[in-house]
Amino acid sequence: MSRYTAKDIEPKWQSAWENAGAFAAVRDPARPKYYVLEMFPYPSGRIHMGHVRNYTMGDVIARYKMSCGFSVLHPMGWDAFGMPAENAAMEQGGHPKDWTYGNIADMRAQMKPLGLSIDWSREFATCDPEYYGQQQSMFLDFLEKGLVYRKNATVNWDPVDMTVLANEQVIDGKGWRSNAEVERRELTQWFFKISDFSEELLEAIDGLDNWPDKVKLMQRNWIGKSRGLQFSFGLIDGPDGHDRIEVYTTRPDTLMGASFIGISPDHPLARSLERENQEIAAFNAECRRMGTSAAELETAPKNGFDTGLRVRHPFDTAWELPVYIANFILMDYGTGAIFGCPAHDQRDLDFAHKYGLDVIDTFVALENGTSVGNEAFVPPKTEKVRWLKAFGWDETAAGAEAIDAAIAFCEENGVGMGVTKYRLRDWGLSRQRYWGCPIPVVHCDTCGVVPEKKENLPVKLPDDVTFDKPGNPLDRHPTWRDTPCPACGKPAKRETDTMDTFVDSSWYFARFTAPHAATPTVMEDAAYWMNVDQYIGGIEHAILHLLYSRFFARAMNICGHLPASAIEPFDALFTQGMVTHEIYVTRDEKDRPVYHLPEHVEWHESGARLGATGEAVEVIPSAKMSKSKKNVVDPVNIIDAYGADTARWFVLSDSPPERDVEWTASGADAAFKHLARVHRIATDIAGSETPESGADEALLREMHKAIHDVTMGIESFGFNAAIAKLYAFTNTLQKSDAGAGARRLAAQTLAQLMSPMTPHLAEELWLLLGGSGHVTGAPWPKADPAMLVEDSVTLPIQINGKRRSEITVPKDMAKEEVEKIVLADNAVQRALQGGAPKKLIVVPGRIVNVVL
RNA sequence: GCCCGAGUGGCGGAAUGGUAGACGCAGCGGAUUCAAAAUCCGCCGCCUUCACGGGCGUGGGAGUUCGACUCUCCCCUCGGGCACCA
């Protein structure tokens, strides 16, 4: 009897699919289309279990939809620009291009044995000049439509390496290589006008019915629409050109509780003051010696500097407020200046206590409202409070009403304007790095900033660069910058900044519909394939990547590269969890942790030990697989040991897809055993010739239930639940004493239901059991509704909400009849002790509750 | 700091507001075997009881309900994001 040997089965079916062209996506107007896409990978060089999980989920959907008769597009590509390639070049020598394309070849070779239903003819990398050339072409279109512009922005500057640092390269305020104190520096950079779309991007979220609520909420908060008051405080004896400070507040109702003004160290007034005042200059310099990331700024200790300047309160010109420069106020938000109301904002309160400023209650709680102490009083805006300092609203108004009234009052009295603002800032796309898409513009002394001509695209990256020095190799390349001005023809210089890699990933999904076209997209292809019907990826992309892609789709539509129907490019989104693993650690002589790979750890009765030395190993709970912690399992090894179907089955079976899954050796083992068992059962059935039996119908009923449950499981992304049903159905099939005909049909159906998850094994069993053609693409089985209904139903009986008994009654028995049977039940009689129940609740078909 | 999630047996997890623990792992008992591996059958939340049964139980605390893992509020712990990691 043949055994289950994945090593033989899997390559065989992979080449069979390839020869049949089973996964080529073809535009077929006669069939409905389905576009399933997993977020494309960064080519690090090795696939990891997270990839396996991500692509297997997409593959299940793709294969299932194929079986349901859809024309399926399931492509794969590479998010190939970015810093790791340059870091590798700096550390190990070599060229980012060679490193990247080498990694792509390696990863493709690791991925193919997974047996994914991918149309590899559509593969591309974002670092292919054919791809980034089209991106440059779109950049020029965006420029023409006013969707891109230049302005100054702050970057992290490493004064030793003389280079711009990414936020992740700033560690405790210092450069990761040089260890030098990072400075903030202003550069002129390119920006996409995503803020023009704030309202539209916000409103359109309501239409994203098949996106997770949490992602929609995060995007709404990110866009951050607010209604507030913009007004100014008159400055007393300010320096030349500064007679007022412009402020935006979402809480104008607390204006009478203001006790100081805070301005950003980068505020024009602060910059003006630092020229005259050494101390202010020193304070500002100190503030600028911090990274640019919001997390860093907001967790740093809050510091302020009293400028000595005073402003007048707009409602009372005799009331003067001090002006502080504060390190936590960003020039990018609002006007770069705030008024502090310590009583109703914790940060302001801490600041006030630190600098001995007034705390003025503007409202208190309705019931026994007391003055603010160490905790700011910040009730929900819908909660009614008692106002001590209202101007124009009821004494017991809620915050929301008070805000509206305050804005109205201020407008009437000429103190500012009610305005709507968005937190969303324009998207800075300039990067001072080599390994990215060159920004196709030229700087001419005569003509200024001039777009490159489209016929000169792509502006290709030069290959002859070195990474022995920090900074952008494009800047120091001897000739690359030199180019004639596209406008006047005189010698000019190319822009040396490249694009943020988020640009690359903001339209790749559209490019997959016509991956080798000479234009960014082809309308007929985009119109047929877009939108992505199911997008699958990590929750870490909930905001930036997905929001940028939504913006890009709109911008591409404006420029004629996508139809209007595709401005929301992802119809359904699923965010999958990570693959985690336990961490194994020993200590070196200095008590520093030494991590060990799972394959080097053995389990003994005394616990985990190193296989080589027998040394005891500490086991730390599961965390995301990472090279530094060595808690990684290489998919290549798993496929080698068990086969791809086992790896696929396991990553789907052990956890709900949206949650993390912990990789365990025993779980992988169990998955393999199960597949071998299915193979064995099917082999037995294939050789069996028992006659029909009375058990046939029971088995077929279970089969139809399995079809129903598994189909629902796949449709609802409940892969783990679908697999649990498949386990249960396998148990039923194994124990069934139905005849060979019924068992063969059940086994064929089992193979088919398993085919999206374990396609190779399913093909093998399909063949073995006499199915016609490939199971891949065979019509998906349909559950017969008549086989799903049961004649009788078991009702649990609760007494006071606790299950105490159960009865089995005909499915459609009348309530009154059920009640009679319940009251006659032994457990109920015992509980009633001759009395009558206070209440008897019968939920037909579900449950009975007797309330005493 | 701010925004968003998650928390259920020894472990991974299941459960349209309706029998908490499906299914799997580990464990225990048995069959098969000269023996083992493999396989097959059964048991398996905790406490209590000879047993029938009873009590407790979904991170902690309150609330809504005939009934709460599920809904509301507060808290704790862990994870994701915070605009130059991808």
Side-chain angles (χ1 to χ4, degrees), chain A residues 39 41-42 44 79 81-84 153 155-156 164-170 189 194 212-215 217-222 224 291-300 302 328 332 346-347 423-433 500-502 504-505 538-545 547-548 575 577-578 580 621-624 650 653-656 658-662 664 666-667 669-671 673-674 676-677 680 718 720-721 723-728 731 734-735 794-798 800-806 837-841 843 845-852:
Chain A
M39 289 180 186
Y42 179 79
S44 61
D79 190 11
F81 275 135
M83 293 200 304
V155 295
N156 299 309
V164 176
L165 299 177
N167 282 336
E168 71 157 10
Q169 296 174 319
V170 179
Q189 312 224 7
I194 189 172
D213 287 338
K214 61 179 170 184
V215 174
L217 188 54
M218 281 190 262
Q219 292 218 348
R220 283 191 188 101
N221 289 343
W222 187 260
T292 56
S293 79
E296 196 185 336
L297 292 177
E298 300 217 19
T299 48
K302 313 285 180 283
F328 55 89
D332 291 335
Q346 191 61 43
R347 192 169 59 180
R423 205 181 71 103
L424 180 64
R425 309 201 299 258
D426 278 334
W427 169 13
L429 69 116
S430 301
R431 296 292 179 273
Q432 295 70 40
R433 284 179 241 291
D500 178 9
T501 55
F502 272 124
D504 312 334
S505 56
I539 185 68
E540 66 272 21
H541 295 294
I543 298 174
L544 293 180
H545 162 61
L547 192 62
Y548 289 161
T575 55
M578 299 180 299
T580 64
S622 254
K624 180 178 181 165
F650 178 73
S653 68
D654 228 39
S655 272
E658 68 276 13
R659 268 204 254 164
D660 293 350
V661 63
E662 180 176 359
T664 58
S666 60
D669 233 42
K673 280 185 192 173
H674 178 72
R677 177 169 157 242
R680 201 163 47 240
N720 59 324
I723 283 181
K725 300 292 181 192
L726 287 168
Y727 268 106
N731 293 342
Q734 182 168 34
K735 286 172 191 167
T794 300
L795 293 181
I797 299 176
Q798 293 183 331
N800 284 341
K802 296 258 180 204
R803 183 191 171 280
R804 285 292 182 253
S805 183
E806 65 180 34
K838 197 182 279 173
K839 213 169 179 182
L840 187 57
I841 293 151
V843 185
R846 292 235 72 117
I847 204 166
V848 179
N849 194 7
V850 183
V851 185
L852 299 181

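Letters go in sequence order (proteins before strands), and every chain restarts at 1.
Atom OG of S505(A) sits about 7.5 Å away from atom CG of D500(A), to the nearest 0.5 Å. The structure places CZ of F650(A) at 10.5 Å from CG of D669(A), a figure rounded to the nearest 0.5 Å.
Side-chain contact between I539(A) and M218(A) is present, with heavy atoms from C-beta onward closer than 4.5 Å.
R804(A) contributes no side-chain N or O that forms a donor-acceptor pair with the base of U19(B) under 3.5 Å.
Using a 4.0 Å heavy-atom cutoff across all strands shown, G82(A) reaches sugar-phosphate atoms only and no base atom.
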Task: Strand RNA chain B in bracket notation, Watson-Crick/G-U under 3.5 Å with | for pairs to another chain - done: (((((((..(((.....[....))).(((((.......))))).((((....))))..(((((..]....))))))))))))....
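By the side-chain contact (heavy atoms from CB on, under 4.5 Å) test, N221(A) pairs with L217(A), sequence neighbours left out. Residues that satisfy the side-chain contact (heavy atoms from CB on, under 4.5 Å) test with R677(A), not counting sequence neighbours, are H674(A), R680(A), I681(A), T730(A), N731(A), Q734(A).
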Pull out every protein N or O sitting under 3.5 Å from an N or O of nucleotides 64-67 of chain B, one pair per line with the distance.
| unit_1 | atom_1 | unit_2 | atom_2 | d |
| --- | --- | --- | --- | --- |
| C66(B) | O2' | N849(A) | ND2 | 3.3 |
| C66(B) | O2 | N849(A) | ND2 | 2.6 |

Give me, pair by pair, the N or O atoms of the protein and of nucleotides 26-28 of chain B that are less than 3.5 Å apart, along with how far apart they are.
none

Give me the distances for all protein-to-nucleotides 71-79 of chain B N/O pairs that come in under 3.5 Å?
none

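Spacing of P atoms, G12(B) relative to C50(B), comes out at 34 Å, to the nearest Å. Spacing between U8(B) and G57(B) at atom C1', rounded to whole Å, works out to 10 Å. Only the C1' atoms considered, C78(B) is 26 Å distant from C23(B), to the nearest whole Å. Spacing of C1' atoms, G1(B) relative to U19(B), comes out at 46 Å, to the nearest Å.
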